[in-house]
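Read the structure below first, then the notes.
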Amino acid sequence: MIMPFRQYFATNLQPSPAGNNRSQWFACCLIICLLATAVVRGNRAMAEGGDAAGHDAAGSAAATAALVITRIHVGVEGHFKVGRLAPIAVSFTGRVSEPLQLSVWVSDPDGNLTKQPTQPDRLSSDGPHTITSVFRAGRMDGIVRVDLESVGRILATETVRSSAAGRDHARERDPRERDPLEGDTLESEADENSGGGEGKSRVVRMLPPDSLGAKYWVVLGAPAGYVRAAEEINQQGSPSGLHGSQPVTVIDLADASDLPTQPGGLDAVDVLAINGAQTINETTDAAIRAWVERGGHLIISVNSPEEWGRMPLSSWVPIRDVGQSRLRNVDGLRGPFPRSERFLAVAVSALRFDFDYGKTIARSLDGPLWVRLPVRFGRVTLLALDLDRRPLNTWDNLPQLCERMADYQRDSDNKRQQQTGAQLSRSGVSDLSTQLVTTVDQFPQINSPSSWVTMGWIILYLLLVGPVDYLIVHRMLRRPHLTWVTLPILVLGSAALATSSARKHHAEGLVSQQAALIDLDAESGALRTSLWSSFVSPETRRYRVEAEFGRWWQDHHEPVNHQTAAFETGPPQTVALESPNLESADHKTADGSPSAATRLGWTGIPETGFRGMYRSGGLDLAKPQYQFAAGLASMEDVPVRIWSSSSVTASHVGKLSDPDAAVSSDLEGVGGQIYGTVTNRLNVPIEDWFIAYKNLAYFPRVSENGGGEASLAVGQTVSIPQSRLVVRTARSFLTGVTTVRSKGDGRTQDSDGAARHSYDPLSQDFDRIFRAISFYRASGGKEFTTLENEALERLDLSPFLDLSRAVLFGRLAASPARLLVDGQPVEDADSATYLRVLLPVRGRK
């Protein structure tokens, strides 16, 4: 072992025969002080940009008291999820002549404070006023600070906290206690570190779950069945094996006006159930429609056409021929529950309707009773009966009915035991999103030395400046004072060698890697694009980061809506996709102004370990701050250290003016199979494609020598079925099940067996990752992948395979978006783009 530094200095700095060593000790202390100063200044340099602005603005708050915050409302009745957009509403009184904006300060997964502002707006009176916005938190426990700013000055500020203590307090509180900020939940408390006064922290109802796997069921009217269903699920335990957490939380709302209407405000909601006739205004209806079309699940139970017609939902939920039925037998509902009790023979009012695309789960002699319908990238479950009336309100299987309508995937006891055993060999990756983010953040083309090589160089360096230097100056030269010559030479030489080696093994400019997923609904032309990107910086500095989405399909197709140009900082030859038009009011804010269709932010992993969003908070010293642009469309002053990477994710929604511009189809479903044609109208081929429908997969035949057509060429039309297409069960195809033949030894016959590919959670193959994300349920879920898919659950297209939809999956050479850093595109070291098309399949009449 290397000698301790104290012994080393005591030995090398002995008094020389020439005289006093006081100057040597002084020089040593000076060097140590200079090194310590450099370290401190280096840490402060990354934080001084955002910190200075925050402290200067906070200092001005004491001098100005023009506004008074009276109430802060976070999430849906206080419930939100870390890593997803959460609504926030701040009520206040007062008036200011200049435009006012709301800024929300929260931590990202690394503990850096981020500022997420709104667009400035003018106040028309003295109040009271309410400003709504959305924010995205990256840590489960932390603080949320809200600032009301005008012309760079903070006129009012409040800090609230979200922590385990806050959640426990919320569960154990006295309902008679009232908080002046929240209005009906908690008392206000002073932060322990603030000492009261100006820096006090308010406790507001903020209840983030302990895991992204927790489900939020929001219920409007008749919540009894959903509450009992959630109780049964929670008694069984969390499917993720998490202790002390509730898999399902039912949020009972008294009125539809309690739903957030901000774009993205329902992002944390898994299921929205509307029972009976509810008063829903146009703004709330637009928010619900936008949420459903982008992947939400809406449940409606209503039994009369009058009640159905009074709700704006009736204008876009795809049913027709609505009327009234009077039934004396609704035993069709007992089909999914074979052991359920029979209904009493009483007259029951039911909604009569018909539909074109979807699945009938239960029906009566007069038509369907319980159906599930596709609405672009989301689903609507419709029950033609009222849950709060006979015979359902007294049915023993009502909780099971609500659970099935919510499409909750409950794990069996045997499956949960298998998953618990698999967790013993956990690799630190528990969710498919973690695997995806980790893969995007890898740069194999940058030949960086491994950690073992770095550790070896560090050990060699310590040996040189320690024992080797001691042996040279003491034993060989017998001149201890020469260490003042040899030590600087060793230090400077090692520094020069390290710098040269680092520059040789790292990129000299910005280098990025990205993966993109394009979703297209062929019936409506709706687009949903998801982008994951990471870039490496050659220096320590701050950047402005944006994402530019382009027309990746044919060049002559024009966007539908030209409201705003996306990122005008890009080169003029690249035309970005404009703000979309989804034929609804979902892209309008409460005041009628158009909302941004593009959102960009940091990437987080739903883990409890290092850099995970669900780990307990630690000590963060001198963490830098940065901010988002209004609407979360870009990030400004993002700090990146030299040769480190920064990962971002972006999403964009839009619409093709011609739904057949990219992929057209004419498919008919008969007996679980599809017949018809699919045509590629893109200007690029679709590589490694296949089509999934119900429990079958159709893919081109490719011989062992590489022959056959593995791509869908430009303009090519493929007919189904045809001799060159192979048909297999979807699960066998997705999990890589192959038939293995064992030859007999003469006394026994040849035998066939099945072998399945095991899924590697550490694999960096984008093809396998996106297949697992796209068909998570169809491939067996966690039983096959050993991973959860909670963060990217809405990207799973498995539920659509039974909803009159076929899914075309393939890889594209064209990229739908690119990363802009400081207004310039970043060189792509590697990129992967995958296309998924929902193809309508009509039933045979």
CA sep, side-chain torsions, deciding dist, call: Leu392, Phe343, side chain to side chain contact (heavy atoms under 4.5 Å, CB included): CA-CA 9 Å; Leu392 294 184; Phe343 292 104; 4.1 Å; yes

Determine whether [X] and [Y] make a side-chain contact, defined as any pair of heavy atoms from C-beta on separated by less than 4.5 Å.
X      : Y      : result
Val807 : Leu839 : no
Val841 : Tyr693 : yes
Pro374 : Leu838 : no
His297 : Asp270 : no

Is it true that [Y] and [X] share a donor-acceptor pair across their side chains at a distance under 3.5 Å?
X      : Y      : value
Asp285 : Trp316 : yes
Glu232 : Asn234 : no
Asp431 : Ser433 : yes
Arg326 : Ser349 : yes
Ser257 : Asp255 : yes
Arg599 : Ser651 : no
His79  : Thr249 : no

Would you find a donor on one side and an acceptor on the other, under 3.5 Å apart, between the side chain of [X] and the backbone of [Y]?
X      : Y      : answer
Arg372 : Lys359 : no
Asp267 : Leu85  : yes
Thr785 : Leu787 : yes
Thr381 : Ile299 : no
Ser779 : Tyr776 : yes
Trp291 : Gly296 : no
Ser804 : Tyr357 : no
Asn281 : Thr284 : yes
Asn680 : Gln716 : no

Quick one: are the ring centres of [X] and [Y] less than 6.0 Å apart?
X      : Y      : result
Phe784 : Phe775 : no
Phe690 : Phe733 : yes
Phe337 : Trp395 : yes
Tyr834 : Phe809 : yes

Taking [X] first and then [Y], would you say they form a salt bridge - that is, a charged N and a carboxylate O separated by under 4.0 Å?
X      : Y      : answer
Arg777 : Asp802 : no
Arg389 : Glu307 : yes
Arg310 : Glu306 : no
Glu523 : Lys655 : no
Arg842 : Asp356 : no

Do [X] and [Y] meet the cation-pi criteria used here (NZ or CZ under 6.0 Å from the six-membered ring centre, within 45° of the axis)?
X      : Y      : value
Arg528 : Phe377 : yes
Arg728 : Phe699 : no
Lys81  : Tyr216 : yes

Trace of the salt bridge (charged side-chain N to carboxylate O under 4.0 Å, His left out) decision for Glu790 with Lys215: CA-CA 10 Å; Glu790 302 295 349; Lys215 305 298 181 184; 3.0 Å; yes

Stepwise side chain to side chain donor-acceptor pair (under 3.5 Å) check, Ser364 with Asp366: CA-CA 5 Å; Ser364 68; Asp366 203 21; 5.9 Å; no

Intermediate values then yes/no, salt bridge (charged side-chain N to carboxylate O under 4.0 Å, His left out), Asp407 and Arg379: CA-CA 11 Å; Asp407 198 21; Arg379 296 170 292 163; 2.7 Å; yes

Check against salt bridge (charged side-chain N to carboxylate O under 4.0 Å, His left out), Glu293 and Arg794: CA-CA 11 Å; Glu293 291 178 345; Arg794 290 176 186 168; over 6 Å; no

Option among [options] that satisfies the side-chain contact (heavy atoms from CB on, under 4.5 Å) test with [X]:
X      : options                        : result
Tyr226 : Asn275, Ile251, Val218, Asp252 : Asn275
Asp519 : Val653, Leu527, Leu795, Leu835 : Leu795
Thr677 : Ile720, Asp666, Val718         : Asp666

